[in-house]
Amino acid sequence: MFSSFSALSVRGRGVARLAAATLVSGLLAAGVLTGAGPASADETSQNQGGATATIGGLKTYGDAVIHDAAGDLTVSAGLFEMSVEGGGTLQTYCVDLHNPTQRDAKYHETPWSGTSLGANKNAGKIRWILQNSYPQVNDLAALAAAAGVRGGLSEEDAAAGTQVAIWRYSDDAAVDAVDPQAEKLADHLEKSARNVAEPAASLTLDPPAVSGHPGELLGPVTVHTNAAGVTVTPPADAAISGVRIVGKDGKVITSAVNGSQLFIDVPEDAAAGSAELTVQASTTVPVGRAFTSESRSQTQILAGSSESTVSATASANWAKQGAIPALSSAKNCAEGGLDITAANVGDEAFAFELMGIEHSIPAGESRTVTIPLQEDQAYDFTITGPGGLAQRFNGVLDCRTEGSEAGGDATQTLSEPSPATVGGTASDVNLAETGSSNTTPMIAGTAIALVVIGGAALLLVGRKKPTED
């Protein structure tokens, strides 16, 4: 069962986003903009790598009180549980206090640089707390003794105290645990925390995109993982296209380990085209890995992992001549946008226009273009190129917590998180009074039309789930 632990800002930012939503709606009605629409059968969507999971709600928690200018607000604080696609279970804490959790939201393992943790000088202290508290330390008597808690700790106390300590660093929140034992633990963890480095991903492929000429080995693509080994899956049409996944020696590879180099072997007589390779493994995800959603559900940080399925995908693009781009993306919270990297191994420049600026990637060079986005802005667009290349990029930019933003927005709690449906509306959401108005925010980002050379269109449309009383 979900609890009323989340808070949602309803003033300031909500007004600005309502204006943006009205503007975008008007443009759409007038036919000025065209939606990106569902991905075509030929489009591929990049997977940054790691675990993908669906959130199942708070499982072990206690009460906490947030203190701010609007008054005191009692919320639930503790451990969430997620179900991993392909098998496995994750336990997480929240690092995005004032953002609601969407019911059954899908989450992806994400580098800190793609979240608010990337710019948080105390992110390493949060990982220390995770490593030195519940559930990593499941001997509650020992945890209580270390924190100087008399009378011991229950699982609920341990989870609530740990979450409170994390919020003090993730959201710079003035928050206390209601239970004295949990509060004692929170104070101990906050005072004891030391900066610890960001953990490596459970599984990634580097680079996530390569390109080249038929008859060559495209790559290398290097496997980075904490798993003992990974399975390698060739492109779906490999039997027809003749495309193979091989090692540097040209021999077919069906399994690999950390540090292995994979190559895509394309037949010399192949027409221009593209393909994907996928690797998968079973491992425990490192404590401290961040998880972000596709639906602006609050950011989570990993506290514990069972043996879980993780995967990563890399794309390959080839042609005999002309521009041969390899496209990849990464959220860049430091710059407030999405980095699109284009590497061109062709014999002609790869040119395109992005947000009114013309770019040209000379043959043999690689460049990165940053698409500026508004906070909370959803994006979903496809870049097409020579040889039928169609690379889709979609997600939500969620780089800041409310505590990192200027202003003193009032908050309201959600007793039940609202479901996120693209283009739909939320229902069955009860907003508890906290002294502010019950104005309902409709949130939508601006829409930006991006045109790629050759008639290919990039469309970036910000969408935000409205919340109804």
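Basis for what follows: all heavy atoms, side chains included, without hydrogens, waters or symmetry-related copies.
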Donor-acceptor list for residues 196-207 side chains, cut-off 3.5 Å, not counting sequence neighbours:
{"from": "E198", "atom 1": "OE2", "to": "W112", "atom 2": "N", "distance (Å)": "2.9"}
{"from": "S202", "atom 1": "OG", "to": "E109", "atom 2": "OE1", "distance (Å)": "2.7"}
{"from": "S202", "atom 1": "OG", "to": "E109", "atom 2": "OE2", "distance (Å)": "3.4"}

With a 3.5 Å distance limit and no angle check, can you tell me whether [X] reaches the backbone of [Y] through a side-chain donor-acceptor pair?
X    : Y    : value
Q280 : T309 : no
S133 : I129 : no
R127 : N195 : no
S305 : V285 : yes

Run the side-chain contact (heavy atoms from CB on, under 4.5 Å) test on V223 and L262 for me, step by step, so that the C-alpha distance in whole Å, both residues' side-chain angles and the decisive distance to 0.1 Å come before the verdict. CA-CA 8 Å; V223 177; L262 309 179; 4.0 Å; yes
Any non-hydrogen side-chain atom of [X] less than 4.5 Å from a side-chain atom of [Y]?
X    : Y    : result
V230 : S311 : no
Y134 : E155 : yes
L79  : Y93  : yes
K106 : T52  : yes
V396 : T292 : no
Q91  : L302 : no
T101 : L58  : no
L189 : W128 : yes

Go through the steps for I340 and T368 under the test side-chain contact (heavy atoms from CB on, under 4.5 Å), then give the verdict. CA-CA 6 Å; I340 300 292; T368 298; over 6 Å; no
Working for side chain to side chain donor-acceptor pair (under 3.5 Å), residues T283 and N226: CA-CA 7 Å; T283 186; N226 66 345; 3.1 Å; yes
What do the steps show when you test N99 against D398 for side-chain contact (heavy atoms from CB on, under 4.5 Å), and what is the final call? CA-CA 10 Å; N99 188 38; D398 183 8; 4.3 Å; yes
Got a sec, which residues hit salt bridge (charged side-chain N to carboxylate O under 4.0 Å, His left out) with E190, two or more places apart in sequence or on another chain? R168
Using the salt bridge (charged side-chain N to carboxylate O under 4.0 Å, His left out) criterion, which residues pair with D265? Sequence neighbours excluded. R244
Do N132 and S192 have a side chain donor and acceptor closer than 3.5 Å? no
What are the two closest heavy atoms between Q298 and Y107, and how far apart are they? O-OH, 2.6 Å
Minimal non-hydrogen separation, V279 against V232, with atom names: CG1-CG2, 4.0 Å
Can we say R392 and D380 salt-bridge, meaning some charged N sits less than 4.0 Å from an Asp/Glu carboxylate O? yes
